[in-house]
**Student:** 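Once you've had a glance at the structure underneath, I'll fire off some questions.
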Amino acid sequence: MRDRLEELQSQGLAAIQQAEAEEGLRAIEVRLLGRKGEITSVLKSLGTLPAAERPLLGQLANEVKQGLAEALQARRSDLQALAMAAELEADGFDATLPGDPLPGGGVHPVNQVSRDLEDLFQSMGFQIADGPEVELEELNFDALNIPADHPARESHDTIWITPPDQRGAGKQGVVLRTHTSPVQVRALRRFGAPLRVVAPGRVYRQESLDATHEHTFHQMEGLVVDRGVGVPHMLHAMNTLIEGVMGRKLETRLRPGFFPFVEPGFELDARCPFCKSGCGVCKNSTWIELMPGGLVHPNVLRACDVDPEEFSGYAFGLGLSRIVMLRYGIDDIRWLMSGSLSFLRQFHP
Ligand SMILES: [Zn+2]
């Protein structure tokens, strides 16, 4: 029986090595290891042997069986690899060719400008604040000296989540914030004075859309509250900011401007960086309206529990979307939120 086992082993291994296909291997497996296979029948006949011979021959038979099973599995893997290689070659596949490049992502131009400005403000000692885009009426308007009957509330063309005629008695309305100023109220209430904070973010208004008006756009507003702060401090900060934004000093001028949350209020204009005698960007005036600002209204300080007798402050707003358009020469604000890949890819060649 030992001879028979060894013969089956050597013949079996040779047959497995010569098998050229999966079907051949399957036949060999059945012939040797199947229910009526040759190894199986040897194992079955072990019972007829004298008891003394059974353990050794039994062990040998099991080793032969296991060896053949492993050889079958190894040959099967080899055949599958060969078959796959042949198939790939028939397809003309060449694993050494370079692959298709994956398109890379990039930072949106609005975020890029916002990050640049955040760096600039941080270097000037400001902290960056964030706040909710769905905001309470009180924070978006009342705390900023814009009471319920104030005309500025209508001029903001607010998108209401809970409109005034639907809020219950004693309850507040909820709006999509119309400016980032409520973030400053939140910051001042939370941290108190003195404070230097800048709030970049997305704001919403009900607008008729055209090349310069979009329902969703970006602002960055700054607030400084401290003892003895006045207009010269504000001018210095605004000029530094313009230099940082445009990459060089521009001539600026102040005009009076009206905003309920500042007194006095200003509009800061900068000389058009694109022309000397007028162009489309500056509407032929050679000046660009860049930044509203002013000294914080005492009512706003009081609404934030800051004593206007002790502290004063200045605030300024920056149309982030507008700055992005100026920096990159974009002529229609609607591109910014369009999600158009052909537009965005121009910023990431
Ligand atoms: Zn111009």
Side-chain angles (χ1 to χ4, degrees), residues 106-121 124 155-157 178-180 198 200-203 205 207-222 231-259 262 264-294 314-338 340 342-349:
V107 180
H108 192 284
V110 170
N111 288 345
Q112 187 56 59
V113 171
S114 183
R115 287 180 194 180
D116 291 349
L117 288 174
E118 284 168 34
D119 287 347
L120 178 69
F121 276 111
M124 291 161 70
S155 72
H156 268 214
D157 303 312
T178 58
H179 45 183
T180 48
V198 66
R202 199 163 14 185
V203 302
R205 293 192 195 177
E207 297 270 16
S208 311
L209 308 190
D210 61 31
T212 55
H213 295 89
E214 171 67 290
H215 51 69
T216 302
F217 56 101
H218 293 78
Q219 285 189 337
M220 182 176 269
E221 289 181 56
V231 173
H233 302 95
M234 179 190 81
L235 260 182
H236 175 72
M238 286 169 129
N239 282 323
T240 309
L241 189 55
I242 289 174
E243 195 180 337
V245 167
M246 304 310 289
R248 63 192 160 99
K249 271 195 162 57
L250 292 178
E251 187 191 344
T252 56
R253 68 175 185 190
L254 272 189
R255 286 181 294 118
F258 172 72
F259 311 98
V262 287
F266 302 101
E267 287 274 9
L268 184 94
D269 300 341
R271 272 289 182 203
C272 177
F274 302 107
C275 70
K276 287 215 155 53
S277 55
C279 68
V281 177
C282 58
K283 298 183 183 118
N284 288 319
S285 71
T286 75
W287 291 99
I288 297 180
E289 279 182 35
L290 218 48
M291 237 187 285
Y314 64 85
F316 52 87
L318 199 59
L320 204 51
S321 301
R322 189 164 163 70
I323 298 288
V324 173
M325 292 168 73
L326 283 175
R327 184 192 270 192
Y328 295 111
I330 298 164
D331 59 5
D332 191 326
I333 192 174
R334 289 169 291 189
W335 281 116
L336 294 179
M337 291 287 100
S338 67
S340 158
S342 58
F343 168 72
L344 292 172
R345 285 202 181 106
Q346 298 174 63
F347 301 91
H348 314 285

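Reckoned from all heavy atoms, side chains included, excluding hydrogens, waters and symmetry mates. Atoms within a ligand are numbered from 1 in the order they appear, just like the ligands themselves.
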**Student:** Is the closest side-chain heavy-atom distance between Pro273 and Leu250 below 4.5 Å?
**Tutor:**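 The answer is yes; the side chains approach within 4.5 Å.
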
**Student:** Mind checking whether Phe347 and Tyr328 have parallel, tilted or perpendicular rings, split at 30° and 60°?
**Tutor:**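 If you compare the ring of Phe347 with that of Tyr328, the planes turn out perpendicular.
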
**Student:** Between Thr252 and Asn239, is there a side-chain donor-acceptor contact under 3.5 Å, judged purely by atom types and distance?
**Tutor:**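 Looking only at side-chain atoms, Thr252 and Asn239 do form a donor-acceptor pair, the distance falling under 3.5 Å.
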
**Student:** Is it true that the side chains of Thr212 and Asp210 contain a donor and an acceptor less than 3.5 Å apart?
**Tutor:**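 On atom types as modelled, these side chains qualify, holding a pair under 3.5 Å.
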
**Student:** Tell me, which protein N/O/S atoms are under 2.8 Å away from the Zn ion (ligand 1)?
**Tutor:**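 Less than 2.8 Å away from the Zn ion (ligand 1) sit Cys272 SG, Cys275 SG, Cys279 SG, Cys282 SG.
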
**Student:** Are side-chain heavy atoms of Met238 and Tyr314 found at a separation under 4.5 Å?
**Tutor:**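 Side chain of Met238 against side chain of Tyr314, heavy atoms only: no contact under 4.5 Å found.
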
**Student:** Indicate the atoms forming the closest heavy-atom contact of Arg334 with Leu209, along with that distance.
**Tutor:**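 Taking every non-hydrogen atom into account, NH1-O, 4.0 Å.
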
